[in-house]
Amino acid sequence: MSDGDELDVIVVGAGPAGLACAWEAASNGLQVAVLERGDVAGAKNLSGGRLYLEPLRELCGSLLDGAPLERPVTSESIVLTDETSSVSFRLDENPASGPPSSATVLRAKLDAFLADKLSEKDAMVLPQQRVDSLVRENGRIAGVKVGSEELRAGLVVAADGALSFLAEETGLRAKRPVDQYAVGVKEVIELDAATIEQRFNLPAGQGASRLYMGEITKGLPGGGFLYTNATSISLGLVFQLPAVREWRGEAHLWELMERFKERPDVASLIAGGRTVEYGAHLVPEPDLKRLPDPGVPGLLLVGDAAGFVLNTGTTVRGMDLAMASGVLAGRSAVEAKRNTLEPAACLARYRVALETSFVMREMRAHKRAHGVLSMPHLYGHYPREVATLAQGFFRVGADGANMTVRQAVRHLRKNVLGWRGYRDLLRFNRM
Amino acid sequence: MKVEEKVALNAIKAHKESHIVVNEEACRACDNRVCLSVCPAELYSLDPDSGLVKIEHAGCLECGTCLVVCPAGAVTWKYPEPGFGIRYRHG
Ligand SMILES: Cc1cc2nc3c(=O)[nH]c(=O)nc-3n(C[C@H](O)[C@H](O)[C@H](O)COP(=O)(O)OP(=O)(O)OC[C@H]3O[C@@H](n4cnc5c(N)ncnc54)[C@H](O)[C@@H]3O)c2cc1C
Ligand code: SF4
Ligand code: SF4
């Protein structure tokens, strides 16, 4: 693939996708450099905070050994909210022996750790390097431009995240379509370990995840999340951008975060905590039909740049898909170098590797989730009706009455399973 | 908490030049003005006298939301110069 002292691979972006790619390629003897615009890996990065480890165990080899995981998640809840109450579905698993299947993470630590690991393989991250554009030659991508400097490599990997100006430059993706994005805002709230474990009813060292839906986003498609870290809580809200654009709420978007924190059922969880950081980041909300081809000859897209994010309502996944696609791109680079493949053949290998891995399998399996999760009823009407029903079951009124199953069914039929509910149910079913 | 207080918690080294520029003409004609309410750091504001939309880049979280959401494509947005901008310590 390369001759002389030209690099084999230039990776743009030191997030999980780029770092996993560099690790795989460098582990197999390729000359790799990672260019990162931030001062260090992770400086510009933010996620909600739960990394699914199970799918990465084989793919990533020893890359994640010793990674700074905050807490393995053993307690999960889905919380439906209305104005005055919340209804939770909660799963508590007794901590099992062996490695955790998922854990909470903080990106500044995680990304710096992954970057450090590269030095074991004689690869490294070059910080404060902002790639401005691509270099083309003979119908392929042959390198990148950083300021006036040109850097060449056998392969360029665009791991430049949700905005991916590189994917845009190649024309693989349209200019930032609003309906393919959500925005997440997040606070990191410091709280001591004992308090966290007590409040979330956690065995020592274990963690909790809560996904919220309903009133908290004021009818906007989106939701909230809460993850427990070792000594802090990650709390945030995510909003789909098309609805935000048309939203004429009386508040600023950031104020909804304050209201979320002020809800008594959330305030009690973070009481006494101290917010130490406030961030925001885009989340790709890809529509499978418009997912870009994962590269052009000489350039492969990985992670958020390729649109590999899944929000199913019960899980939010980007980091595992980022790392998996990174490793697969790294492998394609290694094969290309070993067999002196043309850039187009390298891209073809990568496409096949994605298709036969869990990355594209999962993207396809959940292809309708995005559309279903855009249904406005999910964010107002349904959570409210579920709360009303739950209240009915648990309450005894002044007239001495407690809701009977028959009344509950009647209530459901009338308020939830109308023609509209039936249609929504069908959509759910197809999901 | 006020938004200024929230933003002030972050480590941000602002460059003297803004990495975000809005197109005055487009903003004047705009009847959406979503930038005013969507920016998580509330950095967009409307000057009541001139009717112009202004951006204060110094507290930018570099989320890119304003760029994607502006219906008129009036936002010119690039990453801050290397060595500048936000540095997440937790993320
Ligand atoms: C609020 C929120 C909650 C989330 N929750 C979860 C969750 O719980 N679990 C989960 O798995 N995923 C979650 N995600 C998604 C997850 O964060 C992303 O999918 C993941 O970070 C993608 O990794 P990446 O390496 O592709 O991109 P990024 O992590 O964004 O990395 C891109 C890197 O490229 C650099 N870069 C960009 N352009 C250039 C350039 N021109 N030159 C040099 N460097 C450049 C950036 O500085 C950055 O370091 C969440 C996302 C958000 C925003
Ligand atoms: S930046 Fe966009 S949304 Fe804001 S006023 Fe200007 S044109 Fe309108
Ligand atoms: S990038 Fe985000 S924080 Fe910065 S001005 Fe735009 S919306 Fe506000």
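Below, chains carry the letters A, B, ... as their sequence lines are ordered, and counting in each starts from 1. For the numbers below, each heavy atom of this structure counts, side chains included, while hydrogens, waters and symmetry mates do not.
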* Asked: Going by the angle between their ring planes, with limits at 30° and 60°, are A:Phe165 and B:Trp77 parallel, tilted or perpendicular?
  ->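 Ring orientation, 0 to 90° scale: tilted.
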Heavy-atom proximity to chain B below 4.5 Å, by part of [X]:
X: A:Asp160; value: backbone
X: A:Glu187; value: side chain
X: A:Asn45; value: backbone
X: A:Val276; value: both
X: A:Lys261; value: side chain

* **Pairs of heavy atoms under 4.5 Å with chain A: top-ranked of B:Gly64, B:Gly85, B:Cys39, B:Pro71** =>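 Highest number of pairs under 4.5 Å: B:Pro71.
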* Top of B:Lys6, B:Glu5, B:Lys2 for chain A proximity - count of heavy-atom pairs under 4.5 angstrom ->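 Among the listed options, the one with the most contacts to chain A is B:Lys6.
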* **chain A contact via B:Cys70 - which portion, at a heavy-atom distance below 4.5 Å** =>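 Interface part for B:Cys70: backbone (N, CA, C, O).
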With the side chain counted from C-beta on, respond yes when [X] and [Y] share a heavy-atom pair under 4.5 Å apart, and no when they do not.
X: A:Val40; Y: B:Arg87; result: yes
X: B:Val69; Y: A:Val183; result: no
X: A:Arg37; Y: B:Pro82; result: no

So which of [options] has the biggest tally of heavy-atom pairs under 4.5 Å with chain B?
options: A:Asn229, A:Asp132, A:Val178, A:Asp111; value: A:Val178
options: A:Arg176, A:Lys109, A:Lys186, A:His281; value: A:Arg176
options: A:Ala280, A:Gly48, A:Gly184; value: A:Ala280
options: A:Lys44, A:Met257, A:Glu255; value: A:Lys44

Of all heavy-atom pairs between [X] and [Y], which one has the smallest distance, and what is that distance?
X: B:Ser37; Y: A:His252; value: CA-ND1, 3.4 Å
X: B:Met1; Y: A:Glu258; value: N-OE1, 2.9 Å
X: B:Tyr88; Y: A:Ala108; value: O-CB, 3.8 Å
X: A:Val185; Y: B:Pro40; value: CG1-CB, 3.7 Å

* With chain A as the partner chain, list the residues of residues 41-62 of chain B whose heavy atoms fall under 4.5 Å from it, by residue number, and write 'none' if nothing qualifies. =>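 Checking residues 41-62 of chain B against chain A gives B:Glu42, B:Leu61, B:Glu62.
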* To do: May I ask you to list the residues in residues 21-34 of chain B that approach chain A closer than 4.5 angstrom, counting heavy atoms only, ordered by number?
  =>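 Those residues of residues 21-34 of chain B which have a heavy atom under 4.5 Å from chain A are B:Asp31, B:Asn32, B:Val34.
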Rounded at 0.5 Å granularity, tell me how far [atom1] in [X] sits from [atom2] in [Y].
X: B:Leu36; Y: A:Leu253; atom1: CG; atom2: CG; answer: 12.5 Å
X: A:Leu163; Y: B:Leu67; atom1: CG; atom2: CG; answer: 6.0 Å
X: B:Thr65; Y: A:Arg245; atom1: OG1; atom2: CZ; answer: 12.5 Å

* Asked: Under the 3.5 angstrom rule, does the side chain of A:Glu277 hit a backbone N or O of B:Arg89 as a donor-acceptor pair?
  ->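 Checking the backbone N and O of B:Arg89 against the side chain of A:Glu277, a donor-acceptor pair under 3.5 Å is found.
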* Any salt bridge between A:Arg130 and B:Glu81, counting N to O under 4.0 Å? ->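 Yes, A:Arg130 and B:Glu81 are salt-bridged.
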